[in-house]
Asks: 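Handing you this structure, nothing more for now.
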Amino acid sequence: MTSLLQKLSEHVGQAFAAQGLDSAFGRVMVSDRPDLAQFQCNGAMNAAKAAKKNPREVAGAIVESLSAQDIFTQVSIAGPGFINLNISDAYLAAHHAPQGHDPREGVPLFAQGETAILDYGGPNIAKAMHVGHLRAAIIGDSVRRIMTFAGYKTLGDVHMGDWGTHMGMLIGDYMRRGETDIVTQTNINDAESVQALMEDMAIRYPKAAGEAKADPALMQEAQENTVKLQDKAEPYYSLWQMIRRVSVVGMKRNYDALGVHFDLWKGEADVHDYIAPMVEDLKGKGIAELSDGAVVVPVAMPDDKKEMPPMILYKRDGAVMYGTTDMATLVERMKLYQPSKIVYIVDQRQNLHFEQLFRAARKAQIVPGAVELTHAGFGTMNGTDGKPFKTREGGVMRLEDLIDITIEKARARMAEAHVAEDFDATERDDVAHKVAIAAIKFADLQNARQADYVFDLDRLSRFEGKTGPYLLYQAVRIKSLLRRAEKSIDFNASLILDEPDRPLALLLAEFPEAVEAALKNYAPHYLCEYAFRLAQTFSSFYGNCHILSETNIDIRNSRLALCAMTCRQMDIVLSLLGIDIPERM
RNA sequence: GCACCCGUAGCUCAGUGGAUAGAGCGUUGCCCUCCGGAGGCAAAGGCCGUAGGUUCGAAUCCUACCGGGUGCGCCA
């Protein structure tokens with residue numbers, strides 16, 4: 001499938017080529033001035049510059065050759081050399097015709113099964129998941145869905161933090177207090193027992209971490225414990241295994257509630273055995289060296305404008321750092337999966353770390369230049385005061401609490417609006433859950449990825465305007481309409497376009513570009529923008545004309561076909577955002 | 001000190017070198033003899049942080065400065 005803009009660009013490009021100009025100047029865009037035209041091409045001005053000609057003259061020649069084509073109903077020059085274009089309804093209808101059967105709604109495959117590994121987890125075991133994990137999960141899962149739809153074989157890796165000093169602190173605390181039984185007596189098959197250990201760790205860990213920070217002796221002990229754990233010494237290793245197993249249960253519960261999927265449940269510890277050989281190899285090649293007692297890879301380059309500290313592989317005390325495990329993870333990923341891309345959806349603040357990691361990985365030839373390494377960083381989630389989001393008490397809000405609060409708000413709003421009143425309790429709960437997750441995800445995803453954003457629970461759960469629930473509402477309304485029409489939908493109906501239909505038909509043709517922008521930039525907000533415009537444009541269409549009661553059968557069929565396309569695009573775009581649509585609400 | 005991100009309507013945010021910079025919320029006014037009003041239509045609201053520069057053309061690219069956030073070897 002070729003998108004409408006591509007087709008138009010080709011036509012206009014040929015007109016440029018016929019004048020001996022580069023066909024790339026023929027790029028057609030949706031018009032900035034819908035009052036003047038549907039589409040525009042700005043290439044005449046650039047072409048004129050390159051050929052040292054008068055822009056309006058160049059545009060004139062293009063316009064003349066395009067006017068002869070019956071695709072266009074209007075071709076005109078405006079201002080310094082804009083070419084304004086309107087296309088015929090017949091052409092637009094013909095463009096949409098094959099989509100009656102296209103489950104991809106005209107979106108091409110941008111990849112042919114190349115493997116892409118996505119890193120968007122990173123919660124530490126033994127710690128309760130909190131709102132700080134939300135953005136990586138939501139954005140990363142959406143990027144995974146987008147890339148999968150685009151034709152990649154994707155592997156989302158939770159890549160949990162299970163091998164660092166925090167483990168030394170926690171295990172040390174159990175041992176020092178003689179309370180290792182709490183861990184060893186946990187029955188992994190018993191939900192209550194698992195829950196008990198989770199709660200114990202959730203309280204114990206912050207306490208132990210605080211104590212270790214305040215007391216250098218405790219901190220040193222924690223670091224010694226970490227080295228012993230990393231040597232797989234007992235009882236450290238057994239305690240750790242149980243802690244990890246229980247933690248994974250908790251993580252899965254949180255990610256399931258969010259509808260966030262991972263293919264790989266790996267952690268830093270899983271690559272431990274790659275580390276020693278990797279470091280030996282790097283030492284042998286002279287890439288790693290000793291510095292202040294630590295083993296490091298210098299990654300500074302002569303033309304660096306900023307300071308670039310080396311990446312530390314082994315600390316003075318012999319323990320590894322997250323750069324080490326990240327690097328070993330790259331060794332494993334290259335060996336097991338041969339990816340063409342590895343993308344980290346991780347807090348923007350870690351960008352120096354990734355710069356170091358990528359440089360070290362290239363230098364060590366662990367990742368060849370042809371394999372893309374990207375840190376798709378995201379901004380901080382702030383509260384309404386502009387500072388990092390906290391609870392009223394000033395603490396960090398647990399992820400499950402955030403979800404529960406939002407579900408309660410959804411439920412309250414539904415009751416107020418008399419929505420789903422006659423549903424049974426199970427379906428009502430399901431709808432409230434979907435509404436809440438849609439609200440949270442859309443509020444997050446609609447922001448440009450790298451920018452900080454203000455998370456306002458009250459605002460996003462008002463469910464009006466540019467919100468997830470508004471999108472669900474529109475989608476459900478279309479589904480309801482199509483259900484009523486049922487058998488009478490003719491998917492082969494040709495489109496008959498008139499004032500109320502045309503804006504929707506034009507917008508529906510922009511879908512491939514929206515997906516492409518989101519894909520190329522690892523930026524789901526392009527799809528949010530599209531989804532919202534689609535919902536709004538549909539709503540306007542819906543308000544402006546009758547569909548089911550339309551007596552002209554051809555017009556009725558045409559409008560139902562537009563509804564069906566809108567419905568499919570909403571299904572696709574919301575699924576790419578990780579938002580589930582209820583059948584009714 | 002150095003580096004990175006951000007600065008756009010009262011608030012929260014979009015904006016791929018192009019024309020008259022858009023949306024949501026809030027404000028004001030309309031629209032339920034009609035398929036779901038969590039809706040639609042319309043109005044008001046802008047020195048795009050400041051000053052230079054490149055360009056036929058700059059919110060967008062470059063430079064300097066101002067303001068906010070973040071990071072800068074043995075945490076992750």
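Quick caveat: nothing in here was measured; it's all calculated off a predicted structure. Below, chain A is the first sequence line, B the second, and so on; all start at residue 1.
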Asks: Under 3.5 Å, is there a donor-acceptor pair linking the side chains of A:His159 and A:Asp326?
Replies: yes
Asks: Base, sugar-phosphate, or nothing: which does A:Tyr470 touch, judged by heavy atoms less than 4.0 Å apart?
Replies: sugar-phosphate
Asks: Looking at A:Asn84 and B:rA19, is any side-chain donor or acceptor paired with a base atom of the opposite kind under 3.5 Å?
Replies: yes
Asks: Choose from B:rG37, B:rC11, B:rG18 the nucleotide whose nearest atom is closest to any side-chain atom of A:Met45.
Replies: B:rG18
Asks: Got a donor-acceptor pair under 3.5 Å from the side chain of A:Ser540 to the base of B:rG40?
Replies: no
Asks: Looking for any heavy atom pair under 4.0 Å, which part of the strands does A:Asp292 touch: base, sugar-phosphate only, or nothing?
Replies: base
Asks: A:Asp444 CG to B:rA14 P: how many Å, rounded?
Replies: 11 Å
Asks: Is there ring stacking between A:Phe82 and B:rG18, where the centres must be under 5.5 angstrom apart and the planes under 30 degrees?
Replies: no
Asks: To the nearest Å, how far apart are A:Gln474 CD and B:rG37 C1'?
Replies: 10 Å
Asks: B:rA38 base to A:Tyr473 side chain: any donor-acceptor pair below 3.5 Å?
Replies: no
Asks: Among B:rA38, B:rA14, B:rG40, which nucleotide has an atom closest to any side-chain atom of A:Met585?
Replies: B:rA38
Asks: Which nucleotide in the list B:rA38, B:rA19, B:rC35 gets nearest to the side chain of A:Arg484?
Replies: B:rC35
Asks: Would the A:Tyr344 and A:Phe358 ring centres measure less than 6.0 Å apart?
Replies: yes
Asks: Look at the rings of A:Phe389 and A:Phe455 and say which category their plane angle falls in: under 30° parallel, 30 to 60° tilted, over 60° perpendicular.
Replies: perpendicular
Asks: What's the gap between B:rC62 and B:rA23 when it is taken at their P atoms, as a whole Å value?
Replies: 29 Å
Asks: Which nucleotide in the list B:rC74, B:rC5, B:rC35 gets nearest to the side chain of A:Ile312?
Replies: B:rC74
Asks: On RNA chain B, does the nearest nucleotide to A:Asn46 precede the nearest nucleotide to A:Phe541 from the 5' side, or the other way round? Give the residue.
Replies: A:Asn46
Asks: Select one nucleotide: of B:rA19, B:rG69, B:rC35, the one nearest the side-chain heavy atoms of A:Asp452.
Replies: B:rG69
Asks: For A:Tyr322, check ring-ring contact (aromatic ring centres under 6.0 Å, His included) against everything at least two apart and list the hits.
Replies: A:His353
Asks: In whole angstrom, what separates A:Gln536's CD from B:rG40's P?
Replies: 6 Å
Asks: Ignoring backbone atoms, establish whether A:Gln223 has a side-chain N or O less than 4.0 Å from OP1 or OP2 of B:rC74.
Replies: no
Asks: Look at the side chain of A:His546 and the base of B:rC34, then say whether one donor and one acceptor between them are separated by less than 3.5 Å.
Replies: yes
Asks: Look at the side chain of A:Thr467 against the base of B:rG24 and say whether a donor-acceptor pair falls under 3.5 Å; ignore hydrogens and angles.
Replies: no
Asks: Among the nucleotides B:rC35, B:rG18, B:rC2, which one has an atom lying closest to any side-chain atom of A:Lys306?
Replies: B:rC2
Asks: Between B:rA38, B:rG18, B:rC74, spot the one nearest the side chain of A:Lys315, thanks.
Replies: B:rC74
Asks: Hey, is CD on A:Glu289 packed in by over 12 heavy atoms from elsewhere, all under 6.0 Å?
Replies: yes
Asks: Side chain of A:Asn351: nearest nucleotide among B:rA14, B:rC75, B:rC4?
Replies: B:rC4
Asks: Taking B:rA9 as the reference, what is the distance to B:rC48 when you measure between their C1' atoms (whole Å, please)?
Replies: 10 Å
Asks: Quick one: which of B:rG15, B:rA38, B:rC13 gets closest to the side chain of A:Val419?
Replies: B:rA38
Asks: Tell me the interatomic distance from A:Phe442, atom CZ, to B:rG24, atom P, rounded to whole angstroms.
Replies: 12 Å
Asks: Of the candidate nucleotides B:rG40, B:rG36, B:rA38, which contains the atom at the shortest distance from the side chain of A:Val435?
Replies: B:rA38
Asks: Determine the interatomic distance between P on B:rC30 and the same-named atom on B:rU16; round to the nearest Å.
Replies: 38 Å
Asks: Please work out if A:Gly164 contacts a base, only the sugar-phosphate, or nothing of the nucleic acid, heavy-atom cut-off 4.0 Å.
Replies: sugar-phosphate
Asks: So, is A:His353 near the phosphate of B:rG73, with a side-chain N or O under 4.0 Å from OP1 or OP2?
Replies: no
Asks: Does NZ or CZ of A:Arg559 come closer than 6.0 Å to the centre of the six-membered ring of A:Phe541, within 45° of the ring's axis?
Replies: no
Asks: Quick check: on RNA chain B, is the nucleotide nearest A:Asn544 upstream (toward 5') of the one nearest A:Gln40, or the reverse? Name the residue that is more 5'.
Replies: A:Gln40
Asks: Is the gap between the ring centers of A:Tyr470 and A:Phe532 under 6.0 Å?
Replies: yes
Asks: Taking the P atom in each of B:rU60 and B:rG15, what is the distance between them to the nearest angstrom?
Replies: 14 Å
Asks: Within less than 4.0 Å of OP1 or OP2 of B:rA14, is there a side-chain N or O belonging to A:Arg533?
Replies: no
